[in-house]
Protein chains: 2
Amino acid sequence: MAERPTMKDVARAAGVSLMTVSRVVAGEAGVAPQTAARVEEAIRTLGYQRNDIARNLRRKAQDSRTIGLVVDDLANPFFSALARSVEDEAYRRGFLVLVGSTNDDPRRERDVVSAFCARQVDGLVLVPTGGNRAFFRAQMARGVKVVCVDRPAAGLPVDCVAVDNRAGAGTAVRHLLVHGHRRIAYLGDRQEIWTQRERFAGYEEALAAAGLAVDTALVRHGLRGHQEAAAAIGELMASSAPPTALFSGNDLVTLGAVEAGASRRFALVGFDDFLLADKLNPPVSVVSQDPAALGRTAAQLLFGRIDGDDAAPRSVVLETRFVDRGSGGKVGEMAEAAKVVEVAGTGKVAEVAELAGTGEAGE
Amino acid sequence: MAERPTMKDVARAAGVSLMTVSRVVAGEAGVAPQTAARVEEAIRTLGYQRNDIARNLRRKAQDSRTIGLVVDDLANPFFSALARSVEDEAYRRGFLVLVGSTNDDPRRERDVVSAFCARQVDGLVLVPTGGNRAFFRAQMARGVKVVCVDRPAAGLPVDCVAVDNRAGAGTAVRHLLVHGHRRIAYLGDRQEIWTQRERFAGYEEALAAAGLAVDTALVRHGLRGHQEAAAAIGELMASSAPPTALFSGNDLVTLGAVEAGASRRFALVGFDDFLLADKLNPPVSVVSQDPAALGRTAAQLLFGRIDGDDAAPRSVVLETRFVDRGSGGKVGEMAEAAKVVEVAGTGKVAEVAELAGTGEAGE
DNA sequence: GTGAAAGCGCTAACAC
DNA sequence: GTGTTAGCGCTTTCAC
């Protein structure tokens with residue numbers, strides 16, 4: 001457990017003062033070439049590396065060149081893609097990234113953010129949970145810059161990067177309505193999450209615009225993870241008055257729907273695209289957003305703030321794209337859609353997936 | 001941009017000495033209740049939060065309570081699952097996690113690790129690239145603990161957590177051999193990556209044990225990402241002497257194979273399980289490993305080392321599991337397998353996916 | 001060009 | 001119980 005050598009050690013070894021070592025390490029001009037060489041030599045033989053923590057403590061520009069990234073769940077593909085792009089932006093600028101998952105738990109969010117701030121992060125890219133407004137206000141008063149991504153933090157005057165969830169959901173639900181569906185179920189994560197509220201609102205509005213009321217028997221909130229979603233969808237499928245179509249509020253719920261076999265019995269459109277969505281049978285139509293673009297934009301905004309931009313908080317709305325892969329049709333139409341996609345996809349294998357009609361699905 | 005208040009400010013506001021504030025903040029005993037109350041009050045009104053960086057600089061136990069996590073690509077589902085479990089272990093112990101992706105580039109790895117060490121991390125969970133041996137040796141001499149995960153760092157005497165890639169690959173290839181395949185292609189990522197070398201070795205050994213030579217026309221290395229893999233597989237499919245079966249060296253390559261439609265023309269077994277593998281047509285058989293278990297185990301080893309465990313380096317080999325979903329059969333058999341899986345899976349929808357026989361696939 | 005002194009925000013060690 | 005002094009590893013400032 002060799003102690004890490006300090007500048008003092010290097011100075012002694014090179015027979016110079018501590019200050020000279022500091023200058024050499026910092027790459028400052030004004031050190032005689034031979035002196036510098038002696039210092040470099042000592043650095044090499046001792047294996048010295050500067051302690052950037054001590055350095056930052058004293059520097060004029062009291063920035064730590066570290067940001068915090070706080071997401072709901074780093075293991076979720078959506079957030080990990082977002083995280084990677086934040087990290088890339090930080091790397092380009094020579095910043096380090098502290099990372100933490102909240103599990104959508106305001107207490108853990110508070111723990112994590114508090115620890116980050118105690119480590120003097122210059123800023124935070126934050127996927128906020130529902131709570132902790134006052135807490136963040138206090139941190140910001142201390143000079144920590146905050147940019148929200150994916151969701152705004154209600155009542156916090158900070159930059160935010162997100163998509164128009166309500167409009168995206170509306171598009172999805174209208175797509176189902178156009179295909180003749182009237183009994184459209186909504187399955188989503190907790191309503192405490194802003195994106196879920198927005199997407200549900202888009203669902204409600206699209207139904208209302210079509211003169212339809214929301215049937216609460218067809219609505220399930222609070223589904224955390226794909227297993228929970230699959231179970232809920234199983235119940236729905238077994239009920240006496242099942243829907244003919246499903247709109248799912250995020251990628252995990254869509255996954256659960258696919259796992260439960262719902263995409264074969266019902267029309268299905270999900271929010272968030274996911275890997276292999278186009279290779280399923282039937283391929284799943286989605287409202288797609290770009291997590292890497294969200295992360296990149298949020299990071300750019302944050303670094304702008306860190307660099308001194310003190311304009312009024314900005315809200316950036318990124319695009320959502322409806323990707324029609326055929327799963328939004330009636331079940332009878334879906335086989336056709338699958339056929340077309342497959343032929344176009346491989347250019348070779350022509351086939352039709354035979355679907356067992358369930359009788360319930362055709363409205 | 002209010003300056004962050006310091007203990008000095010709190011001390012002045014509460015009319016006590018700096019030391020008393022330090023004691024209150026640290027929760028030490030031996031402060032009179034009323035004095036403590038006055039200090040707490042001052043802390044609240046000033047919005048004081050301790051600067052843990054300055055704290056760590058002076059503390060006896062010179063640990064930063066921060067670890068670094070360095071993976072190939074945080075956006076890759078395998079690594080993000082691993083990252084999440086490392087982060088959970090760290091959170092449980094009150095450690096923070098600095099995170100970085102290397103892109104399998106030794107230079108970026110060096111940059112990132114160097115910056116982490118300059119920030120005095122207590123240890124590193126590392127998915128090593130091929131290079132930088134001497135560099136790591138130097139860091140470890142300075143007291144930074146290192147645990148490798150997913151791959152060992154050749155020549156570095158450190159703990160390592162990984163699966164038996166060679167054996168897993170052997171199982172996969174033998175499975176294909178048992179099903180009568182003799183022209184089995186190997187598609188993998190760069191050979192510089194240890195896991196890829198091991199998996200290829202397992203492929204070679206299994207073929208050799210069956211008295212078969214490796215046909216280099218059926219081998220592709222260096223496939224980064226699923227698009228590259230899909231393109232390479234497309235070429236293979238279009239060649240005059242295509243294989244009848246594919247063994248893919250990681251999840252991304254398997255994904256590429258599925259995207260290229262290879263799983264419908266050839267038998268396919270992939271290394272690494274992936275979301276929805278069981279919902280594809282045909283469902284894809286895989287050699288499965290548990291990235292969360294890898295991360296958790298690595299983190300536990302690392303914290304053991306940080307807590308002073310200085311036993312000889314340990315190598316932990318985690319289990320691999322062959323998940324037979326039917327895609328390893330001959331194409332004729334695959335339809336049967338798909339049928340069985342579907343019936344068992346949904347319990348409701350009985351169906352047979354019709355596959356267009358290509359004539360080439362049956363050996 | 002180089003160095004001595006002061007101090008960043010905090011804790012360790014000891015005094016009172 | 002509380003305060004004083006010293007110092008973590010480094011940079012700033014200013015002297016020579």
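Just the heavy atoms: all of them, side chains too, but no hydrogens, waters or symmetry mates, feed the values below. Quantities reported herein were computed from a predicted structural model and do not represent experimental measurements. Quick note on labels: first sequence line is chain A, next is B, and so on, each numbered from 1.
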Base versus backbone protein contacts along nucleotides 7-16 of chain D [heavy-atom cut-off under 4.0 Å; B, S, -]
BBBBBB----
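The CG-P distance, from L46(B) to dG9(C), rounds to 14 Å in whole Å.
Checking T66(B) against R119(A) by side-chain atom types alone, a donor-acceptor pair falls below 3.5 Å. Inspection of the D189(A) and Q196(A) side chains reveals no N or O donor paired with an N or O acceptor under 3.5 Å. Q49(A) and R4(A) form no side-chain donor-acceptor contact under 3.5 Å, judged by distance and modelled atom types alone.
Taking only side-chain nitrogens and oxygens, T35(A) comes nearer than 4.0 Å to OP1 or OP2 of dT2(C). Dashed line: the shortest gap from a side-chain N or O of T20(A) to OP1 or OP2 of dG3(C) is under 4.0 Å.
Annotation: the span from D72(B) atom CG to F78(B) atom CZ amounts to 10.5 Å, rounded to 0.5 Å.
For E89(A) and R93(A), the salt-bridge test passes: some basic side-chain N is under 4.0 Å from an acidic carboxylate O.
Atom CD of Q34(B) has 12 or fewer neighbouring heavy atoms from other residues, nucleotides or ligands inside a 6.0 Å radius. For R314(A), the CZ atom counts as densely surrounded, since its 6.0 Å shell holds more than 12 non-hydrogen atoms of other residues, nucleotides or ligands.
Direction of the helix axis in the helix from dG1(C)-dC16(D) to dC16(C)-dG1(D) shifts by 40° between the two five-pair termini, rounded to 10°.
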